Amino acid sequence: MKTKKVVVGVTGGIAAYKAAELVRLLVKEGISVKVAMTQNACRFVTPLTFEALSGRRVIYEMFGPEGTVMEHIRWGQDSDLIVIAPATANFIAKMAHGIADDFLSTCVIAATAKILVCPSMNDCMFKNPVVQENLRMLRQREWTVLEPGEGGLACGTEGPGRLPEPAHILEQVRTLLAAHDLAGIKILVSAGPTLEPIDPVRYITNRSSGKMGYALARAAVRRGGEVVLVSGPTALAPPPGVVFFPVRTAEEMRRCVFENRAGCDIVIKAAAVSDYRPKECVGQKVKKGAESISLQLVKNPDILASLGETKAQAPCILVGFAAETEDLLANAQKKLRAKNLDMIVANDVSRNDAGFETDTNLVRLVFRDGRVEDAPMMTKDEVADLVLDRARELREAWLGRSGGH
Ligand code: PMT
């Protein structure tokens with residue numbers, strides 16, 4: 001994202017204040033952001049707010065001192081994307097009908113960049129057939145129009161019209177700016193923990209939050225992949241665009257992964273699968289009594305090892321993760337060989353800022369040919385992109401060797 005340029009166009013609605021958070025998130029992503037405001041937007045939030053957040057001059061007047069000649073043309077042609085957030089009914093109508101009577105509307109009509117429109121208004125305005133017709137016209141031009149959120153609106157009514165949350169708009173921006181280099185590629189990702197029941201109210205599990213696996217699924221969708229996500233229980237919402245299968249136990253995960261592996265080009269197992277489960281799950285809650293009790297555990301199926309063993313039946317690039325607290329590299333290399341993998345992501349889970357539950361991760365990528373690639377500390381989103389880059393390269397090399405089959 002670091003080379004990408006985005007113009008945020010803020011129009012005059014109460015949700016203009018949320019655009020400030022959007023600009024902050026875009027800048028944090030490393031994107032170069034310029035902000036243009038309509039005169040009415042300046043009544044809700046000052047240009048100074050956006051100047052401070054973007055680190056750049058904000059333009060809000062066509063012929064004002066802050067603009068220079070031709071910037072209304074250049075902004076939409078030098079950038080990769082224009083995001084109109086919030087987009088009022090009036091501004092949507094102007095864009096639909098080609099009215100260019102201020103800096104932002106002129107910038108839009110001259111743009112060659114992609115355009116993302118984020119409507120926000122009163123629910124009756126939004127449902128008005130004129131607004132709906134205008135939005136349909138924008139979609140027909142292959143612009144991306146987000147559905148507004150539903151709920152309480154500033155005017156006191158309830159219904160559709162809320163500006164989508166800035167994090168949701170950011171995800172759309174990432175999708176629109178991403179290279180669609182995984183188009184036509186089917187990817188299965190497993191994520192999260194498994195739960196192995198002891199009785200109706202207790203189970204064995206681990207600390208996996210699902211963040212790493214969900215980041216992989218999200219990045220793969222963004223890059224145009226066809227994604228199946230098989231997940232143990234987590235607090236996360238499945239990323240839009242994935243085919244989602246929630247599971248609980250290792251056995252359920254095994255079955256679901258095997259049912260969906262056919263036709264997959266890449267399989268990535270980020271899930272933390274319980275190696276053992278209670279020998280039996282008793283039907284009634286175990287009562288408190290004896291001073292100590294013991295629980296007999298039996299081995300769970302190793303899903304990844306079974307995928308590796310049967311790879312000839314469903315050829316794919318097989319990627320595992322290795323969560324280790326010691327001898328990271330040696331243990332990861334051992335798992336790569338034992339499970340017949342193409343790549344393993346060695347994950348040091350002894351640190352507070354990597355592995356389970358964190359938003360960042362520190363990994364070493366270990367390849368079948370003995371290569372090791374050390375990654376710096378990254379967000380899980382960045383690790384996901386790196387893992388997908390390498391998996392795609394391995395797939396291309398494999399297709400080259402096998403003559404495209
Ligand atoms: O979910 P987060 O909170 O974001 O945390 C991310 C993570 C630490 C869970 C993730 O980055 C990670 O390291 N996942 C693998 C965890 C793990 O179970 O590692 P392992 O070394 O025990 O297993 C090796 C590989 O075999 C893994 O790909 C695992 O999915 C697979 N496996 C293990 C056991 C089993 N019975 N079946 C399997 O398929």
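Computed over heavy atoms, backbone and side chain alike; hydrogens, waters and symmetry mates excluded. All residue numbers in this chain count up from 1 along the given sequence. In this text the structure is predicted, and so the values were computed from the model without any measurement. We count ligands from 1, going down the list as the structure has it; atoms in each ligand are counted the same way.
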Can you name the atoms of ligand 1, numbered from 1 with element, that are less than 4.0 Å from a heavy atom of Asp302?
32 (N), 35 (C), 36 (N), 37 (N), 38 (C), 39 (O)
Residue pair Asp381, Arg218: steps toward the salt bridge (Lys or Arg N to Asp or Glu O under 4.0 Å) verdict:
CA-CA 8 Å; Asp381 285 327; Arg218 202 164 44 240; 2.8 Å; yes
Would you find a donor on one side and an acceptor on the other, under 3.5 Å apart, between the side chain of Asp369 and the backbone of Arg371?
yes
Per-atom contacts, ligand 1 versus Pro301 - under 4.0 Å to a heavy atom:
35 (C), 36 (N), 37 (N)
Can you find an N/O atom of Ser209 closer than 3.5 Å to an N/O atom of ligand 1?
yes
Just by distance, do the side chain of Asn300 and the backbone of Val273 share a donor-acceptor pair under 3.5 Å?
no
Does ligand 1 come near enough to Lys211 that some N or O of the ligand is less than 3.5 Å from an N or O of the residue?
yes
Flag if over 12 foreign heavy atoms under 6.0 Å of CZ, Arg43
no
To atom 33 (C) of ligand 1, the nearest of Lys339, Lys269, Glu324 on a heavy-atom basis is Lys339
For ligand 1 and Ala322, I'd like to know whether there is a polar contact (N/O to N/O, distance under 3.5 Å).
no
Mark yes when over 12 heavy atoms from residues, nucleotides or ligands other than Asn352 sit less than 6.0 Å from its CG; otherwise mark no.
no
Flag, side chain of Thr88 to backbone of Thr11, donor-acceptor distance under 3.5 Å
no
Under 4.0 Å from any heavy atom of Lys335, which atoms of ligand 1 are there?
20 (P), 21 (O)
Does this structure show an ion pair linking Glu393 with Arg390, if we count only N-O contacts that are shorter than 4.0 Å?
yes
Looking only at N/O atoms, are Met212 and ligand 1 under 3.5 Å apart anywhere?
yes
Can you confirm whether more than 12 heavy atoms, excluding those of Lys5, are under 6.0 Å from its NZ atom?
no
Kindly confirm or rule out an N or O of Ala272 lying under 3.5 angstrom from an N or O of ligand 1.
no
Which atoms of ligand 1 are found less than 4.0 Å from any heavy atom of Glu357?
2 (P), 3 (O)
Would you indicate which of Asp359, Asn347, Asn331 comes nearest to atom 10 (C) of ligand 1 when only heavy atoms are counted?
Asn347
Main chain of Phe126, side chain of Gln132: is a donor-acceptor contact present, judged purely on distance under 3.5 Å?
yes
Check whether any side-chain N or O of Ser190 sits under 3.5 Å from a backbone N or O of Ala271 as a donor-acceptor pair, and report yes or no.
yes
Does an N or O anywhere in Ala271 fall below 3.5 Å from an N or O of ligand 1?
yes
among protein heavy atoms, the one nearest atom 34 (C) of ligand 1 is Asp275 OD1, 3.3 Å
May I ask you to decide if Pro278's main-chain N or O and Glu196's side chain share a donor-acceptor pair within less than 3.5 Å?
no
Using a strict 4.0 Å cut-off to heavy atoms of Gly320, name the atoms of ligand 1 that fall inside it.
28 (O)
Taking 4.0 angstrom as the limit, do Asp199 and Lys285 come out as a salt bridge?
no
Can any side-chain N or O of Arg277 pair as donor or acceptor with the backbone N or O of Val298 at less than 3.5 Å?
no
Numbered atoms and elements of ligand 1 in range of Gly210, under 4.0 angstrom, heavy atoms:
1 (O), 2 (P), 3 (O)
Is Ala270 touching ligand 1 with its side chain, its backbone, both, or neither, if touching means heavy atoms under 4.0 Å apart?
backbone
The protein heavy atom nearest to atom 23 (O) of ligand 1 is Phe321 O, 3.7 Å
With heavy-atom distances below 4.0 Å as the criterion, list the atoms of ligand 1 near Leu304.
25 (C), 26 (O), 28 (O), 31 (C), 38 (C), 39 (O)
Shortest protein contact, atom 19 (O) of ligand 1 (heavy atom only)
Ala323 N, 3.4 Å
With heavy-atom distances below 4.0 Å as the criterion, list the atoms of ligand 1 near Lys380.
2 (P), 3 (O), 4 (O), 5 (O)
How close does the nearest protein non-hydrogen atom get to atom 37 (N) of ligand 1, and which residue and atom is it?
Ile303 N, 3.1 Å
